[in-house]
Amino acid sequence: MKIQVLGSGCPTCEKLYKITRQAVEQMGLPDQVEYIKDIQQILNMGLMSSPVLAVNGKPALVGFIPKIEEIKKAIQKSISQ
Amino acid sequence: MNFFYPIQVLADWLVYTLFKLTPNSLVGGSINFFIYDVIKIFLLLAVIIFIVSIIRSYLPPEKIRTILARKNQYTSNVIASLLGIITPFCSCSAIPLFLGFIQAGVPLGTTFSFLVASPMINEVALILLLGLFGWKIALIYIISGLVIAVLSGTIIGKLKVENLVEPFVFQSIANGNMEMPKMSTKERLTYAKNYTLDILKKVWPYILIGIGIGAWIHGYVPTDFLAKYAGSGKWYGVPLAVVIGIPLYSNAAGVIPLVSALTEKGVSMGTTLAFMMSVTALSLPEFMILKKVMKLKLIFLFAGIVGIGIMFTGYLFNFILK
């Protein structure tokens with residue numbers, strides 16, 4: 001599974017990256033969280049808001065910092081799909 | 001009937017009955033003014049930001065882009081400016097918005113209309129204007145802001161300055177048809193609640209300080225004290241207000257309560273409007289970030305056109321609202 005945080009490098013994005021890493025760790029997943037600062041990659045996904053949490057290349061949460069529980073739920077949802 | 005009357009009753013009770021301060025005294029008047037304004041503004045902020053966030057969850061920038069890419073240029077400048085009102089804006093979102101719009105085929109002029117309206121007509125500024133100046137001034141601000149946004153976009157569109165945008169911007173085509181993750185009603189409400197709390201957390205110290213200094217000025221500075229320096233008869237008031245406003249962007253929430261007190265002391269309304277527009281629409285950090293995607297000349301052009309629009313508004317209302 002590919003878990004990515006995409007952002008412009010702003011404080012909000014850094015925070016999402018940190019929370020996502022915690023979420024992945026707490027869920028006991030072996031995956032690394034990838035942090036992408038290239039804005040063009042956000043645009044290539046068709047998005048303009050940052051930060052973005054993407055699972056397997058698909059945006060799961062866009063444009064705000066969610067609570068850690070929401071991140072877990074979003075990852076869970078993507079696994080089950 | 002004044003909608004805020006109960007708050008005045010509460011403020012009066014707190015200050016004159018509970019704290020036992022004398023009405024009409026300087027201290028009593030200032031503290032009463034402070035408590036009334038603080039309660040009123042925070043109530044308005046909480047309610048209105050919550051409502052706007054719900055609307056916004058249905059209209060993210062990705063959807064706005066799809067709307068703008070389809071319309072013809074003249075209507076789309078108007079729609080871009082209107083949609084700019086509900087879109088939150090921070091300088092760190094300027095680049096992805098700019099690239100996303102241009103790469104999806106939104107015209108440069110329309111993109112600029114959006115970039116002007118989005119920070120200038122934001123809900124925090126509007127609530128403060130509404131709460132501290134009344135609905136007429138808030139409405140004048142919205143309408144002038146929209147006119148400036150539409151005209152600046154139209155002028156930049158007519159000038160055909162695409163060559164002043166960094167060439168790499170046009171080298172990619174953004175994927176315009178991405179499916180956004182779906183949100184349930186409950187998720188929208190949670191998003192709106194969190195967003196409202198985030199904004200309140202961010203702006204409350206500025207607002208308290210702004211209203212605090214404002215209350216002090218209200219009580220202690222003689223009326224018309226500033227009329228000599230910044231009344232409507234002074235030609236340099238407006239351009240000076242615009243220049244001072246440029247570096248103050250991040251403090252818009254604190255600046256507005258402060259200017260509302262200054263207006264009471266003789267700063268003319270047009271000058272005040274010009275100042276607030278400059279604070280919100282012309283932001284130094286945003287210009288510095290935009291440098292990554294466009295040539296300096298285009299930034300100057302953009303700032304110049306918007307600046308002239310703001311000054312025109314300032315002079316116009318100094319003339320009308322004498």
Side-chain angles (χ1 to χ4, degrees), chain A residues 1-20 22-23 33 35-81, chain B residues 53 56-57 59-66 68-69 87-104 106 111 114 118 168-169 171-184 186-188 190-199 201-202 285 289 292-293:
Chain A
M1 192 169 47
K2 205 165 74 180
I3 302 171
Q4 294 165 312
V5 171
L6 299 95
S8 54
C10 62
T12 332
C13 319
E14 303 270 348
K15 206 169 153 192
L16 178 66
Y17 175 53
K18 233 165 94 189
I19 306 175
T20 308
Q22 278 171 13
V33 182
Y35 184 29
I36 299 167
K37 282 191 206 165
D38 178 13
I39 293 174
Q40 195 59 49
Q41 290 216 34
I42 302 183
L43 295 162
N44 292 344
M45 291 180 116
L47 298 168
M48 286 188 287
S49 329
S50 70
V52 175
L53 171 71
V55 186
N56 289 335
K58 278 192 175 170
L61 293 164
V62 179
F64 61 99
I65 303 182
K67 295 247 149 52
I68 190 159
E69 294 309 318
E70 290 175 75
I71 298 179
K72 288 183 191 170
K73 240 199 297 183
I75 295 176
Q76 207 79 55
K77 215 160 100 185
S78 306
I79 296 174
S80 59
Q81 266 168 10
Chain B
S53 323
R56 182 179 295 154
S57 74
L59 264 178
E62 290 78 9
K63 233 177 228 167
I64 292 178
R65 172 176 62 182
T66 318
L68 293 180
T87 319
F89 190 86
C90 71
S91 31
C92 62
S93 62
I95 295 285
L97 279 175
F98 184 85
L99 292 178
F101 276 17
I102 298 287
Q103 293 181 0
V106 177
T111 306
F114 186 84
S118 180
F168 83 89
V169 173
Q171 276 159 15
S172 317
I173 293 170
N175 173 359
N177 302 312
M178 187 63 212
E179 239 182 278
M180 292 285 287
K182 285 205 173 59
M183 282 174 106
S184 66
K186 203 181 143 218
E187 280 167 337
R188 286 181 208 281
T190 323
Y191 162 77
K193 189 192 85 193
N194 292 341
Y195 186 80
T196 309
L197 289 177
D198 272 358
I199 295 284
K201 260 186 239 160
K202 226 184 275 171
I289 283 179
K292 282 187 204 158
V293 289

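Chain naming here is simple, since letters A, B, ... match the order of the sequence lines and numbering starts at 1 in each.
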Open item on the list: Quick check on A/Lys72: does its NZ atom have over 12 non-hydrogen neighbours (other residues, nucleotides or ligands) under 6.0 Å away?
Closed with: yes

Open item on the list: Taking side chain as everything from C-beta outward and backbone as N, CA, C, O, which of these in A/Ile39 sits under 4.5 Å from a heavy atom of chain B? Side chain, backbone, both or neither.
Closed with: side chain

Open item on the list: Under 4.5 Å from any heavy atom of chain A, what part of B/Phe98 do you find: side chain, backbone, both or neither?
Closed with: neither

Open item on the list: Applying side-chain contact (heavy atoms from CB on, under 4.5 Å) to B/Asn194 and A/Glu70, what does each step give before you reach the verdict?
Closed with: CA-CA 13 Å; B/Asn194 292 341; A/Glu70 290 175 75; 4.3 Å; yes

Task: Minimum-distance pair of heavy atoms, taken over all atoms of A/Leu43 and B/Gln103 - done: CD1-OE1, 3.9 Å

Open item on the list: I'd like to know if the side chain of B/Glu62 reaches the main chain of A/Ser49, judged simply by a donor and an acceptor atom lying under 3.5 Å from each other, with no hydrogens or angles considered.
Closed with: yes

